[in-house]
Number of protein chains: 4
Amino acid sequence: MADSAEPSVPAASGGAASSVPDRLLSVATRLFAERGFERTSVQELVDAAGVTKGAMYHYFTSKDDLLFAIYERVLAMQMRRLTEFADAEGPLGERLRAAAADVVHTTVDNLDDTLIFFRSLHMLSPDRQNEVRKERRKYHERFRSMIEEGQREGLFRDDVPADIVVTQYFGAVHHLGMWYNADGELTGAALGAHYADLLLTSLRPK
Amino acid sequence: MADSAEPSVPAASGGAASSVPDRLLSVATRLFAERGFERTSVQELVDAAGVTKGAMYHYFTSKDDLLFAIYERVLAMQMRRLTEFADAEGPLGERLRAAAADVVHTTVDNLDDTLIFFRSLHMLSPDRQNEVRKERRKYHERFRSMIEEGQREGLFRDDVPADIVVTQYFGAVHHLGMWYNADGELTGAALGAHYADLLLTSLRPK
Amino acid sequence: MADSAEPSVPAASGGAASSVPDRLLSVATRLFAERGFERTSVQELVDAAGVTKGAMYHYFTSKDDLLFAIYERVLAMQMRRLTEFADAEGPLGERLRAAAADVVHTTVDNLDDTLIFFRSLHMLSPDRQNEVRKERRKYHERFRSMIEEGQREGLFRDDVPADIVVTQYFGAVHHLGMWYNADGELTGAALGAHYADLLLTSLRPK
Amino acid sequence: MADSAEPSVPAASGGAASSVPDRLLSVATRLFAERGFERTSVQELVDAAGVTKGAMYHYFTSKDDLLFAIYERVLAMQMRRLTEFADAEGPLGERLRAAAADVVHTTVDNLDDTLIFFRSLHMLSPDRQNEVRKERRKYHERFRSMIEEGQREGLFRDDVPADIVVTQYFGAVHHLGMWYNADGELTGAALGAHYADLLLTSLRPK
DNA sequence: AATGAATGAGCGTTCATTCAT
DNA sequence: TATGAATGAACGCTCATTCAT
């Protein structure tokens, strides 16, 4: 989140100034990403956040509830950003490129969230898994609609289903959490530019 | 794997005829994929495999060891298949296309393995995580070398690092376990053809 | 409840009009009977009564204190009723019969109290258990004195200790909470008449 | 049980010689009676029995399961004894008297069981509560059938429903756990004789 | 080669009570 | 009078692993 223009996502700090739920959320994000949801005990969590178990269970009904709160935060942020880019002014190709690059950039700035998102989905209750999947679908559909619009206009090739293009692209994006190293030379912006370019190129009419 | 030409991957059956370690391995693959490594107890495992705990600990030193055995099996299979396609006769573009399509097809035929592979890597001991990553890197390098070869020959565009292309492609492939549904209409072969085509298209010189 | 003749058994309502302590008492009686003292959390209690924890702890020093208040209410009511019948005019046999029938009737009308009384006695502090037992003893003694009077007068057989007769009778009465179903056909009055008749019959001189 | 002819009910000892489940059962009976089911922690239980938690959960699936095992043992014993007396030779009146006296005697010899039985029934799962109630009903019915037989034969008065007689009698018996003190002068045999005599007397035709 | 009873540390969660406001 | 966030100890239970047989 360091260089992002987005102020509303709290930096994952353990700052003593923030509220108890906020502290728990940011500490949980860090620990769940570091060692996994199941390997993180509630005791470690509250110790790291500097609160007691009782305080945690005052705000979250379960460890699962805490995990779900992370999902909600991520889903809301991603949808908001996509909508901003998709609804902006300008030619379709450029809007798609900007959105595609931004999701990479944002993902890299919130790698912990991404790692948790795909690694721990199966730890949520079935109902909550469905809720997350439903939100993801809406997100994909918004992205797909841009590609379909380009296909109708003859801007993009239409011999490959838009759905497959989207799935391939987001597969790559979601997998970033597995290998991207923030300490390396490759910035999120540069990676986003490359990924978006490969996407746009792969869509060029033959 | 059913319709594949590859006979060496054991069908994930619980067949009473197979050996104890084989039964454990195939049952573990199914259960770890269904409910996750941590949510699967050793007791459930041995019950499902129809053996006792003592028998399991006779063949595997730990639950972690059983997980690692799954990784070894997957890594060996994937490397073998890639090598076959990469070392085959024929033009580079066709070899790359075939290898890229095959990894999708094979992944779809072994979805349980893929799901476990990326979801449970952090459950292995650090040493074993490193061993797995090392093997993955060799695998990626073999694939990347084909792209680099094409870039040197002018067959592929060279304004995007081969490494980024590979990472993007395999990111999409590895993510299949999160959404691909074997019950749908989309076959592994069809999906592989589309993914490979998008890859080849994205590499066309501008 | 305090000084009234028959309507003194409070309807177990959660009526918004009553005072906070009254509401807590009637809700506690219902919940302790329904799920047991230990299975009822203070949070559930105050939620059901529509007050906050702070309010409850303002009126009752502890959950135990709330339980004891129920005991006090029951003990006072039962003693008052017994005294009324025992001290009334009329032949001893009729007074005993009336008192014996009334305790059944009253018990059936306040089943929740009875259930709590015997099921949760061990949850009170030792001191309070002693206080309750002391009150019960006084109650039994008043009843026993009627039987002893009848034995001295030759009205009742005296080859069985009055104490044993009393214990047997009240055992049966106290156990009503375990099986009596208010929805059935058997009214409290009818049951009281039968129980009292069996008691009087068993006391007839041989 | 000390002086009883019944050998199959294990003395509630903590004897080191008995098996782990037996030790747990007898210790649980003692502790549940002493301080109540909810006030007895699993840790206290296993410490008192000299085993570990793991061992307990190897034999009993839950604390509830341990409680239910106590119920099963009591139900089986009581039914067996009643059947013996009811099916014996001799006149009905004598068989009823013997059975009525024996249940008091046996109850007094197993006071812990009785106390638990009625105090902790609501701690069992609803299914198990139903199972216990069903068994109790069968027990009561066997006893009631003796009274009905006597009523048909004119041996007993028939102006009071047999069901009410049974309920009253067993109410008194079940309540023994609340007050009977084994240290007093009153023996189980003497008490049983008195209770049975009161029962028979109350059934004399008018 | 295989059993399964037993271990013991750790888990997520509950809850009566306190106290600053 | 009343609030409700926070405490902290205890709870029932799980589970990978060991080991005598």
Side-chain angles (χ1 to χ4, degrees), chain A residues 19-21 23-24 37-47 49-67 123, chain B residues 19-21 24 37-47 50-67 123, chain C residues 19-21 24 37-47 50-67 123, chain D residues 19-21 23-24 37-47 49-67 123:
Chain A
S19 72
V20 168
R23 281 220 302 285
L24 282 166
F37 176 77
E38 318 82 350
R39 291 261 163 114
T40 306
S41 75
V42 171
Q43 192 59 61
E44 287 169 334
L45 208 61
V46 298
D47 286 351
V51 305
T52 60
K53 276 188 190 180
M56 185 201 119
Y57 279 97
H58 186 72
Y59 293 105
F60 298 93
T61 65
S62 63
K63 194 185 168 191
D64 185 279
D65 197 40
L66 193 46
L67 179 60
M123 303 306 291
Chain B
S19 71
V20 167
L24 282 166
F37 177 76
E38 318 82 351
R39 294 255 164 121
T40 307
S41 74
V42 171
Q43 191 62 60
E44 288 169 332
L45 210 60
V46 297
D47 286 351
V51 304
T52 62
K53 277 189 187 177
M56 188 205 113
Y57 278 95
H58 183 75
Y59 293 106
F60 298 94
T61 68
S62 66
K63 194 184 168 191
D64 185 278
D65 198 40
L66 193 48
L67 179 60
M123 303 307 291
Chain C
S19 72
V20 168
L24 281 166
F37 176 76
E38 319 82 350
R39 293 257 164 119
T40 307
S41 75
V42 171
Q43 191 61 59
E44 288 169 333
L45 210 59
V46 297
D47 286 350
V51 305
T52 62
K53 277 188 187 178
M56 187 204 115
Y57 278 97
H58 182 75
Y59 293 106
F60 298 93
T61 67
S62 65
K63 194 185 167 191
D64 185 278
D65 197 40
L66 193 47
L67 178 59
M123 303 307 291
Chain D
S19 72
V20 168
R23 280 219 305 282
L24 282 166
F37 177 76
E38 319 81 350
R39 291 260 162 117
T40 307
S41 75
V42 171
Q43 191 61 61
E44 287 169 334
L45 207 62
V46 297
D47 285 352
V51 304
T52 61
K53 274 189 195 178
M56 185 201 120
Y57 280 98
H58 186 72
Y59 293 104
F60 298 94
T61 66
S62 64
K63 194 185 168 191
D64 185 279
D65 197 40
L66 194 46
L67 179 60
M123 304 307 291

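Residue numbering restarts at 1 for every chain, and letters A, B, ... go by the order of the sequence lines.
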> Just N and O in the side chain of D/His58: are any of them under 4.0 Å from OP1 or OP2 of E/dA6?
no

> About how many Å separate CG of A/Leu45 and CE of A/Met56, when rounded to the nearest 0.5 Å?
6.5 Å

> For C/Tyr59 and C/Asp65, work out which heavy atoms get closest and say how close.
O-OD2, 4.5 Å

> Reckon D/Val20 touches a base, only the sugar-phosphate, or nothing at all at heavy-atom distances under 4.0 Å?
sugar-phosphate

> Dot-bracket for DNA chain E, please, read 5' to 3', with Watson-Crick or G-U wobble pairs under 3.5 Å on both distances, ( ) within the strand, [ ] crossing, | other strand, . unpaired.
.||||||||||||||||||||

> Given that B/Tyr59 and D/Pro21 both sit by DNA chain E, which one's nearest nucleotide is further toward the 5' end?
B/Tyr59

> In whole angstrom, what separates A/Leu24's CG from F/dT7's P?
11 Å

> Please enumerate all residues that pass salt bridge (charged side-chain N to carboxylate O under 4.0 Å, His left out) together with A/Glu38, with sequence neighbours excluded.
none

> Could you tell me how far apart A/Asp47 (CG) and F/dG8 (C1') are, to the nearest whole angstrom?
12 Å

> For C/Glu44 and E/dT14, give me the distance from atom CD to atom C1', rounded to whole Å.
11 Å

> Determine, for nucleotides 13-21 of chain F in 5'-to-3' order, which nucleotides have protein heavy atoms under 4.0 Å from the base (write B), from only the sugar-phosphate (write S), or from neither (write -).
BBBBBB---

> Just how far, in rounded Å, is C1' of F/dT1 from CZ of C/Phe60?
15 Å

> For residues 53-64 of chain B, pull every pair meeting salt bridge (Lys or Arg N to Asp or Glu O under 4.0 Å), keeping only residues two or more places apart or in separate chains.
B/Asp64-B/Arg128

> Determine the minimum heavy-atom distance between B/Thr52 and B/Val46, stating which atoms define it.
O-CG1, 3.9 Å

> Sequence neighbours excluded, which residues qualify as salt bridge (charged side-chain N to carboxylate O under 4.0 Å, His left out) partners of C/Asp47?
none

> Using the side-chain contact (heavy atoms from CB on, under 4.5 Å) criterion, which residues pair with B/Tyr57? Sequence neighbours excluded.
B/Val42

